[in-house]
Amino acid sequence: MEHLPVVDWPFAASTGRALVHPGPDAGPSEIAGLVADLRDAASRATGHVAEVTRLERPAPAEVLVVDRASWVTAVCGSASAMLAGVGAHEPDSAVARVRARALGAQAGGVFALVAARILGQFDPFSDPSRLLLVAPNVLLVERELGAVPSDFRLWVCLHEETHRFQFGHAPWLRGHLLGLFAELLEGDELRFGWPEAGRPTSVRDLIANPAQREAFDQVTAVMSLMEGHADVMMDRVGTAVVPSYPAIRRAFESRRDQKGWGSWVRRLLGFDLKREQYRDGAGFCRQVIDAAGVETLNRAFEAPGLLPTLHEVHDPQLWLHRI
């Protein structure tokens, strides 16, 4: 495998921190209450997720309530660790160092944009794993939605705690994803080209290499399962635990549908693709549960060969017949 272009990740982190807006105004007491509530919500979410998923245990993880700048630092560290295993090397010339810094500036700019939107993230690629809850974004969104703060904070944690259980039940999943990322990047930089068939309908259509396109499909299938599974498990927790859950769900979906400049940014950053993963993966999980129960769905986390393909995500009966 040829070496990947190196990225100056420390420069990416410093660039992102310099660019990101700190977030909404809040006084010291409000911030302290928010941090304490998020920590408590993460702790309470664990038991609820265990009950509805019927998965055995969450992955060990630090629970960190962070600001936007700290999230940028964390994600740059994780990206560096991930790419270290797929051929990146230290720049060995002045030109390479300049290029690495330029790529770092680009990555930092993208992460600064993402840092203003992301509510939480389970990061299995750090050592140890960590659950990151981005406090200013939680505060901003719950204000925008007019949500009950205690309910919204637990709602956020339920999703991320579900990811902890996925990786705890499937300790091989981290290595499997790293292997898929390596296949996606194998040979050289990920190459894009305009499809011969005409206008592209997705990012996948722009990937020129068939092998990389196949790896992209596998990554998409795994991410669809994981995001859809977390979404469905949040629904299964429901109003018994989060009384205003239906109102939060409606308001949040409406926010995702907003048009304008924000819509363009979502497409640019791939958030539309992530939403498709939520939708397609949730549809897969619901159909499997309806047909064969939660225990059958959990078999998808037993071994790499039991993960659904992208085709099976869109046709769950194929997966059910196969297993």
Side-chain angles (χ1 to χ4, degrees), residues 35-65 119-124 128-133 138 142 147-174 222-253 277-303 306-308 313 316 319-320 323:
V35 171
D37 282 355
L38 284 171
R39 289 187 178 279
D40 179 65
S43 177
R44 288 188 292 124
T46 303
H48 298 308
V49 172
E51 182 178 355
V52 297
T53 63
R54 301 180 191 172
L55 296 175
E56 295 177 359
R57 60 190 177 277
E62 296 180 304
V63 177
L64 302 176
V65 181
L119 298 174
Q121 176 190 13
F122 176 67
D123 178 8
S129 299
R130 55 196 172 189
L131 181 100
L132 303 170
L133 300 169
V138 173
E142 70 185 27
V148 177
S150 59
D151 283 3
F152 185 74
R153 295 164 191 181
L154 180 57
W155 185 77
V156 171
C157 291
L158 288 169
H159 185 97
E160 302 309 330
E161 281 290 320
T162 302
H163 290 317
R164 278 188 68 198
F165 274 83
Q166 292 165 352
F167 281 93
H169 187 76
W172 49 266
L173 187 55
R174 178 184 183 276
V222 176
M223 297 306 296
S224 295
L225 170 67
M226 293 172 61
E227 297 297 351
H229 179 254
D231 230 26
V232 168
M233 293 306 143
M234 289 165 62
D235 287 342
R236 287 172 67 85
V237 170
T239 56
V241 173
V242 186
S244 62
Y245 181 86
I248 291 173
R249 170 68 80 184
R250 286 193 301 270
F252 199 77
E253 291 297 329
Q277 291 170 356
Y278 277 93
R279 181 197 64 210
D280 297 341
F284 171 85
C285 292
R286 290 191 182 100
Q287 289 186 52
V288 170
I289 291 172
D290 289 345
V294 173
E295 291 83 358
T296 299
L297 175 61
N298 288 346
R299 293 195 62 192
F301 297 102
E302 290 180 0
L306 293 177
L307 289 167
V313 167
W319 183 79
L320 285 166
I323 69 164

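Because the structure is predicted, anything quoted here is derived from the model rather than measured. This chain uses plain numbering: 1 for the first residue, then up along the sequence. Hydrogens, waters and symmetry mates play no part in the numbers below; they use all other heavy atoms, side chains included.
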- Task: Please collect all salt bridge (Lys or Arg N to Asp or Glu O under 4.0 Å) contacts where either partner lies in residues 48-63, sequence neighbours excluded, each pair once.
- Result: R54-E295

- Task: Apply side chain to side chain contact (heavy atoms under 4.5 Å, CB included) to the pair W319 and V313, showing each step before the final yes or no.
- Result: CA-CA 8 Å; W319 183 79; V313 167; over 6 Å; no

Nearest 0.5 Å, what's the [atom1]-[atom2] distance between [X] and [Y]?
X	Y	atom1	atom2	answer
T46	E161	OG1	CD	3.5 Å
N298	F165	CG	CZ	11.5 Å
M234	E160	CE	CD	9.0 Å
C157	L131	SG	CG	6.5 Å

Checking the side chain of [X] only, and the main-chain atoms of [Y] only, is there a donor and an acceptor separated by less than 3.5 Å?
X	Y	result
R299	I323	yes
S43	R39	no
Q166	M226	yes
R164	P58	no
R236	T53	no

- Task: List for me each residue that meets side-chain hydrogen bond (donor to acceptor under 3.5 Å, both in side chains) alongside R44, sequence neighbours excluded, and say none if there are none.
- Result: D40

How about [X] and [Y]: do any of their side-chain heavy atoms sit closer than 4.5 Å?
X	Y	result
V222	L173	yes
H229	L55	yes
L158	M233	no
L320	T296	yes
F284	P308	yes

- Item | Residue pair E227 / H159, side-chain donor-acceptor N/O under 3.5 Å | yes

- Message: Please determine whether side chain to side chain contact (heavy atoms under 4.5 Å, CB included) holds for the pair V232 and T162, giving the CA-CA distance in whole Å, both sets of side-chain angles, and the decisive distance to 0.1 Å.
- Response: CA-CA 10 Å; V232 168; T162 302; over 6 Å; no

Hey, can you pull the donor-acceptor pairs under 3.5 Å for the side chains in residues 237-245, sequence neighbours left out?
from	atom 1	to	atom 2	distance (Å)
S244	OG	D151	OD2	2.6
Y245	OH	D235	N	3.3
Y245	OH	D235	OD1	2.0
Y245	OH	R249	NH2	2.9

- Message: If you compare all heavy atoms of P60 against all heavy atoms of S129, which two are closest, and at what distance to 0.1 Å?
- Response: O-CB, 3.4 Å

- Correct closest heavy-atom pair for L154 and A41 would be CD1-O, 3.6 Å

- Evaluate the ring planes of F167 and F122, with Trp represented by its six-membered ring, and classify them as parallel (under 30°), tilted (30 to 60°) or perpendicular (over 60°). tilted

- Using the six-membered ring wherever Trp is involved, compare the ring planes of W155 and F252 and label them parallel, tilted or perpendicular (cut-offs 30° and 60°). perpendicular

- Message: Evaluate D37 against F152 for side chain to side chain contact (heavy atoms under 4.5 Å, CB included), listing each step before the verdict.
- Response: CA-CA 11 Å; D37 282 355; F152 185 74; over 6 Å; no

